[in-house]
Amino acid sequence: MSASLAASGRTSLFNPHHRALISKKFLPNAGMPRRSFVSKGIAISVFCSLLSATPAQGMERLPFKPEGYNFWTWRGHKIHYVVQGNGTPIVLIHGFGASAFHWRYNIPELAKKYKVYALDLLGFGWSDKAVIEYDAIVWRDQVSDFMKEIVREPAILVGNSLGGFAALFTAAELERQVLGLVLLNSAGQFGSPSAQNTNTEEQSILNKFIINPVKEVLQRIILSFVFWQSKQPARVESVLKSVYINTSNVDDYLVESITKPAGDPNAGEVYYRLMARFMTNQTKYTLDSLLSKLSCPLLLLWGDLDPWVGPGKAARIKEFYPNTSIVNLKAGHCPHDEVPELVNGALIDWLSSLQLNPAPLHTL
């Protein structure tokens, strides 16, 4: 999840028992229904495949371990990760407030054909709650070093929400190490060409010595209360149900995987730093600037009914980066957990269509 667990969502009228499979082809515009979306008042025509499904019943699930699975020391911090299977590596990166356990239905299935890693970003899950200044570069460097030190060969990067942005940032910088990129309802914004800094020197002094200190005090008071509220199991469940169109998979396993890390003594401070500093300044690294550096194939697995990140964003990404395949899903913000069987199938189909020729280890 990429927005605060304190954020409010909308009630869905989606019927979870409806099942439709229109197309799973990865040929541009082949056999795909045409849809129209509106973004900033501009209609966007998109050709997409539209998938929907009932909940994950009878699927193999990653066992929940309160103590975690494996740990790696990175820059003096403990980083948690899961690894299963053999074959071409896939690295799964979770979204805001989540952890490797959010890929509970994807890891066992993908591990039947691939070597699957799922790591917890610094500040989240079972990784250390480091009291540092969080920036997208921190997670880019963490994922990059994880690939070099743990994976040790070129891999497919897969990310949801905030994890999608971290995966994109990494793929844009590590051309030889990333064989393909998969984004599920990714965070990140396109840059605005009209944006410019109009602050005068007088305004900068006023902000530095008067406005910003007062703002920080108020933010800390408000966010401390919001964090306390957002880590309550009932509140976590409520927010999850607002972004899962089919709420069948919002269960005790999922709720505990989010609330347990929130009990860390540093979790509140990390939450403050993320919300007050990182989340309010996401324009430093834009989607267009990163996509312009990308060279690998891109797959978008997009929850069409996401109340936070709509399908128009996926269409814009494809327009900017043509080497993109889109599979639109009847799901919310976390399609990999809401309709995992469809995400797994679409991902495996796409991977099978790629010519995967990993570089030898010495090139990393």
Side-chain angles (χ1 to χ4, degrees), residues 26 62 68-75 77-94 99-104 106-122 125-127 136-160 163-184 186 290-291 293-301 321 323-325 336 343-364:
F26 294 100
L62 180 74
Y69 277 79
N70 307 284
F71 292 90
W72 162 60
T73 300
W74 178 70
R75 297 183 179 178
H77 303 298
K78 185 177 66 174
I79 302 298
H80 173 249
Y81 70 95
V82 177
V83 58
Q84 288 189 3
N86 294 286
T88 300
I90 298 176
V91 179
L92 307 175
I93 310 171
H94 63 81
S99 70
F101 289 111
H102 206 192
W103 303 98
R104 53 186 174 162
N106 314 107
I107 295 172
E109 185 64 25
L110 296 175
K112 294 176 182 178
K113 292 188 174 182
Y114 304 96
K115 188 167 187 176
V116 182
Y117 297 86
L119 81 160
D120 289 353
L121 295 175
L122 186 66
W126 275 247
S127 290
I137 289 179
V138 172
W139 296 312
R140 179 204 66 185
D141 289 351
Q142 179 192 344
V143 176
S144 298
D145 290 345
F146 182 80
M147 291 181 65
K148 294 172 184 176
E149 297 179 24
I150 302 298
V151 181
R152 300 186 66 239
E153 59 181 306
I156 302 291
L157 290 184
V158 181
N160 170 235
F165 189 75
L168 172 60
F169 204 163
T170 304
E173 299 292 331
L174 297 181
E175 178 180 350
R176 293 178 64 84
Q177 288 96 323
V178 180
L179 302 172
L181 176 65
V182 183
L183 304 180
L184 299 91
S186 180
L290 297 178
L291 288 168
K293 298 179 182 179
L294 198 65
S295 59
C296 65
L298 171 62
L299 171 64
L300 303 179
L301 297 175
Y321 189 73
N323 190 15
T324 299
S325 300
H336 59 292
V343 167
N344 293 340
L347 177 54
I348 290 172
D349 284 353
W350 180 75
L351 290 172
S352 299
S353 73
L354 301 181
Q355 299 296 321
L356 298 177
N357 296 307
L361 291 177
H362 69 267
T363 64
L364 293 177

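Just so it is clear, the values below take in all heavy atoms, side chains as well, and ignore hydrogens, waters and symmetry mates.
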For a 4.5 angstrom cut-off between non-hydrogen side-chain atoms, does [X] reach [Y]?
X: Leu298; Y: Leu291; result: yes
X: Met147; Y: Val178; result: yes
X: Leu354; Y: Pro297; result: yes
X: Leu62; Y: Gln84; result: yes
X: Tyr117; Y: Leu119; result: no
X: Gln177; Y: Val151; result: no
X: Val158; Y: Trp103; result: yes
X: Ser127; Y: His77; result: no

Whether the side chain of [X] engages the backbone of [Y] through a donor-acceptor N/O pair (distance < 3.5 Å, no angle test) should be reported.
X: Gln142; Y: Leu122; answer: yes
X: His94; Y: Leu121; answer: yes
X: Asn160; Y: His336; answer: no
X: Ser325; Y: Leu299; answer: no
X: Asp120; Y: Ala100; answer: yes

Rounded to the nearest 0.5 Å, what's the gap from [atom1] on [X] to [atom2] on [Y]? Could you check?
X: Leu290; Y: Phe165; atom1: CG; atom2: CZ; answer: 5.0 Å
X: Leu110; Y: Thr88; atom1: CG; atom2: OG1; answer: 12.0 Å
X: His80; Y: Asn70; atom1: NE2; atom2: CG; answer: 6.5 Å
X: Ile90; Y: Ile156; atom1: CD1; atom2: CD1; answer: 6.5 Å
X: Lys113; Y: Leu347; atom1: NZ; atom2: CG; answer: 10.5 Å
X: Cys296; Y: Tyr321; atom1: SG; atom2: OH; answer: 5.5 Å

Checking side-chain contact (heavy atoms from CB on, under 4.5 Å) for the pair Ile137/Phe169: CA distance, chi angles, key distance, verdict? CA-CA 8 Å; Ile137 289 179; Phe169 204 163; 4.1 Å; yes
Decide if the gap between the ring center of Trp126 and the ring center of Tyr69 is smaller than 6.0 angstrom. no
Residues Phe146, Trp72; criterion ring-ring contact (aromatic ring centres under 6.0 Å, His included); working and verdict: CA-CA 9 Å; Phe146 182 80; Trp72 162 60; 5.5 Å; yes
Which heavy atom of [X] sits nearest a heavy atom of [Y], and at what distance?
X: Pro89; Y: Glu153; value: CG-CG, 3.4 Å
X: Ile107; Y: Ala118; value: CD1-CB, 3.8 Å
X: Leu157; Y: Ala167; value: CD1-O, 3.6 Å
X: Tyr114; Y: Leu351; value: OH-CB, 3.3 Å

Crowded around Glu175 CD? As in, over 12 foreign heavy atoms under 6.0 Å? no
Would Ile93 and Trp139 satisfy side-chain contact (heavy atoms from CB on, under 4.5 Å), going step by step from the backbone distance to the final call? CA-CA 10 Å; Ile93 310 171; Trp139 296 312; over 6 Å; no
